[in-house]
Every structure is written in structure tokens, then in C-alpha cells.
Amino acid sequence: MKKVFLPLNIRIDNKKILFVGGGKIAMHKIRTVEQYTRNITILAPEIHDDIKGKGFTEIVKRYEPSDLEGYFLVYASTNDEEVNRRIMEDAEALGMLVNVVDNRELSSFISPAVIRKDEMTITVSSNGENVKKSVAWRNKIREMMQDDETLLK
């Protein structure tokens with residue numbers, strides 16, 4: 001059966017978010033999530049210089065299932081498919097939401113392409129099937145908003 005994702009907005013400013021993986025894969029998602037919360041923990045054997053020192057909690061070690069305890073959302077963002085699969089299985093066993101970055105089939109949630117302006121948020125999603133198309137639509141909507149200043153007021 002084809003996976004279908006319910007679009008919704010979740011308050012995360014008061015929730016603990018875990019990223020397992022500290023490289024470029026994680027960095028891209030962190031840039032989005034940090035717009036909504038700074039309550040982010042990075043767990044990885046090595047953490048990319050662009051992530052270090054940003055004020056996030058950093059745990060330098062290899063993943064173990066007990067690392068998931070106490071988190072609301074988990075992003076499996078390593079470059080190892082087997083580790084990402086284990087994270088997904090462990091998170092789902094605990095009833096946690098997990099995003100396996102770039103793998104919609106293993107994810108219990110996905111992140112849409114986002115536009116934020118003041119109190120307005122617009123998201124575009126292809127249900128995780130065509131990320132490039134979602135980003136293109138988001139960029140076109142952003143362009144239309146900039147062309148029509150009355151939309152931004």
C-alpha cells in the first residue's frame with residue numbers, strides 16, 4: 001500500500017528533537033527544524049563543523065536504542081541505511097515519530113517545503129514522492145508573493 005501523509009502543524013518549541021547523524025544529511029534538515037526550536041540534540045560519532053557550536057546539545061558517540069528515550073521526534077540522518085533502519089524500528093517500537101531522511105517508505109512523518117512570513121506558513125508537499133517538485137512549487141509561490149506585496153501585508 002502506498003504511504004500517504006497527513007499534513008499538519010505540530011508545536012515543537014517545547015519538545016526534544018533528536019538527530020542521529022551529524023553530517024551534511026543532518027545539516028540540511030537541522031536548518032529547517034532550528035527555525036521552530038533550538039531544543040535539538042545531535043548524536044553522532046562525528047559532528048560536522050557547520051553544526052558544531054550552534055548551541056545544540058551534542059553527543060559524540062555511536063547510536064544505541066536507549067538514546068531515543070525522552071525525545072518527541074527523531075530524524076535518522078546518517079549515511080548508513082542499516083543504522084537508519086534500526087533507528088526507525090527502535091523509534092516505532094517506542095511509539096515515536098521518526099523521519100528517515102530521504103526515505104519516505106521508512107518514515108512515519110515527512111517535512112514539506114516551507115515558506116514563512118510573519119504569522120503565515122505555507123507548505124508544499126508531494127507526499128514525499130518528488131521533493132524537487134515540492135521545492136520548485138514553494139519557490140514559485142514565494143516568487144508570486146514577492147511580486148504581489150499586498151499578499152505580504
Side-chain angles (χ1 to χ4, degrees), residues 2-44 46-60 63 67-79 81 83-84 87-88 90-92 94-153:
K2 184 176 176 178
K3 272 201 173 185
V4 180
F5 296 89
L6 171 69
L8 53 98
N9 297 320
I10 299 174
R11 180 180 178 190
I12 63 167
D13 63 317
N14 60 348
K15 304 289 188 204
K16 291 174 62 176
I17 312 301
L18 176 64
F19 282 83
V20 182
K24 291 183 179 184
I25 295 168
M27 192 169 51
H28 179 73
K29 288 291 183 185
I30 290 168
R31 285 186 181 131
T32 299
V33 174
E34 73 179 331
Q35 295 176 57
Y36 301 90
T37 186
R38 301 291 300 169
N39 199 0
I40 295 171
T41 298
I42 316 300
L43 183 142
E46 295 180 40
I47 299 175
H48 194 280
D49 288 342
D50 290 343
I51 299 172
K52 284 183 181 178
K54 292 188 87 171
F56 305 129
T57 301
E58 298 174 11
I59 302 172
V60 180
Y63 168 77
D67 294 324
L68 298 178
E69 292 176 21
Y71 290 94
F72 179 69
L73 293 179
V74 177
Y75 286 85
S77 52
T78 77
N79 60 0
E81 287 182 34
V83 171
N84 287 343
I87 295 165
M88 179 276 299
D90 295 340
E92 287 198 341
L94 294 170
M96 301 173 70
L97 294 174
V98 61
N99 175 271
V100 178
V101 177
D102 297 331
N103 190 329
R104 71 184 286 281
E105 293 305 317
L106 295 182
S107 298
S108 57
F109 76 94
I110 57 173
S111 298
V114 177
I115 304 166
R116 287 184 64 198
K117 175 67 176 164
D118 301 323
E119 73 281 359
M120 297 302 296
T121 301
I122 299 170
T123 62
V124 180
S125 176
S126 65
N127 211 31
E129 292 186 27
N130 190 335
V131 174
K132 288 181 181 180
K133 190 173 188 178
S134 296
V135 169
W137 277 45
R138 179 209 52 205
N139 292 344
K140 186 67 174 171
I141 292 167
R142 180 182 288 142
E143 186 180 303
M144 289 171 26
M145 290 170 65
Q146 290 169 343
D147 289 346
D148 186 354
E149 278 296 314
T150 60
L151 290 175
L152 299 177
K153 295 180 183 178

Query raised in the report: Is there side-chain contact between Thr32 and Lys29, with at least one heavy-atom pair below 4.5 Å?
Result: no
Report summary line: In short, Asp50 meets Met27 closest at the heavy-atom pair CB-SD, 3.2 Å
Requested in this report: Verify side-chain contact (heavy atoms from CB on, under 4.5 Å) between Ile40 and Val33, making sure each step is shown before the conclusion.
Outcome: CA-CA 8 Å; Ile40 295 171; Val33 174; 3.8 Å; yes
Query raised in the report: Counting only heavy atoms not in Glu105, do more than 12 sit closer than 6.0 Å to its CD atom?
Result: yes
Query raised in the report: Got a second to check how far Phe19's CZ is from Thr57's OG1, nearest 0.5 Å?
Result: 13.0 Å
Query - Within 45° cone and under 6.0 Å: Lys16 NZ/CZ vs Phe72 ring - result: no
Query raised in the report: Roughly how far apart are Asn139 CG and Met144 CE, rounded to 0.5 Å?
Result: 12.5 Å
Query - Any side-chain heavy-atom pair of Tyr36 and Arg11 under 4.5 Å - result: no
**Report entry** Heavy-atom pair of closest approach, residues Ala26 and Gly21
**Finding:** CB-O, 3.2 Å
Query raised in the report: Is a donor on one side and an acceptor on the other found under 3.5 Å between the side chain of Ser108 and the backbone of Val98?
Result: yes
Requested in this report: Measure the CG-CZ distance between Asp13 and Arg38 for me, rounded to the nearest 0.5 Å.
Outcome: 13.5 Å
Query - Flag if over 12 foreign heavy atoms under 6.0 Å of CD, Glu81 - result: no
Query - Non-hydrogen side-chain atoms of Tyr71 and Thr41 separated by less than 4.5 Å - result: yes
**Report entry** Closest approach of Ile110 to Gly128 (non-hydrogen atoms, all atoms of both residues)
**Finding:** CD1-N, 3.4 Å
**Report entry** Lys NZ or Arg CZ of Arg104 over Phe109 ring: under 6.0 Å, within 45°
**Finding:** no
Requested in this report: Return yes if some donor-acceptor pair links the side-chain N/O of Asn39 with the main-chain N/O of Asn14 below 3.5 Å, else return no.
Outcome: no
Report task. Check whether any side-chain heavy atom of Ile25 lies under 4.5 Å from a side-chain heavy atom of Asn79, and answer yes or no. Result -> yes
Query raised in the report: For the side chain of Ser134 and the backbone of Ser126, is there at least one donor-acceptor N/O pair under 3.5 Å apart?
Result: yes
Query raised in the report: Under 3.5 Å, side chain of Ser77 to main-chain N/O of Val20, donor-acceptor pair present?
Result: yes
Query raised in the report: Is atom CG of Asp102 surrounded by more than 12 heavy atoms (other residues, nucleotides or ligands) closer than 6.0 Å?
Result: no
Query raised in the report: Of Arg116, Arg142, Met145, which is the lone residue that meets side chain to side chain contact (heavy atoms under 4.5 Å, CB included) with Ile122?
Result: Met145
**Report entry** Any donor-acceptor N/O pair, Asn99 side chain to Tyr75 backbone, under 3.5 Å
**Finding:** no
Query raised in the report: Does Glu92 use its side chain to pair, donor to acceptor, with the backbone of Ser107 at less than 3.5 Å?
Result: no
**Report entry** Spacing of Glu129 atom CD and Phe5 atom CZ [to the nearest 0.5 Å]
**Finding:** 9.5 Å
Query - Reported CG-to-CD1 distance for the pair Leu18 and Ile42, which is rounded to 0.5 angstrom - result: 8.0 Å
**Report entry** Nearest-0.5 Å distance, NZ of residue Lys15 to CG of residue Leu73
**Finding:** 9.5 Å
**Report entry** Asp118 side chain to Met120 backbone, donor-acceptor under 3.5 Å
**Finding:** no
Requested in this report: For the pair Ile141 and Arg138, evaluate side-chain contact (heavy atoms from CB on, under 4.5 Å) and give the outcome as yes or no after the intermediate values.
Outcome: CA-CA 5 Å; Ile141 292 167; Arg138 179 209 52 205; 5.8 Å; no
Report task. Output, in order, the C-alpha distance, side-chain angles, deciding distance and verdict of side-chain contact (heavy atoms from CB on, under 4.5 Å) for Val4 and Asn127. Result -> CA-CA 6 Å; Val4 180; Asn127 211 31; 4.0 Å; yes
Query raised in the report: How close do Met88 and Val100 get, heavy atom to heavy atom, and via which atoms?
Result: CB-CG2, 3.8 Å
Query raised in the report: Is any side-chain heavy atom of Asp67 less than 4.5 Å from a side-chain heavy atom of Ile59?
Result: no
Report task. Determine whether Val60 and Ile47 make a side-chain contact, defined as any pair of heavy atoms from C-beta on separated by less than 4.5 Å. Result -> yes
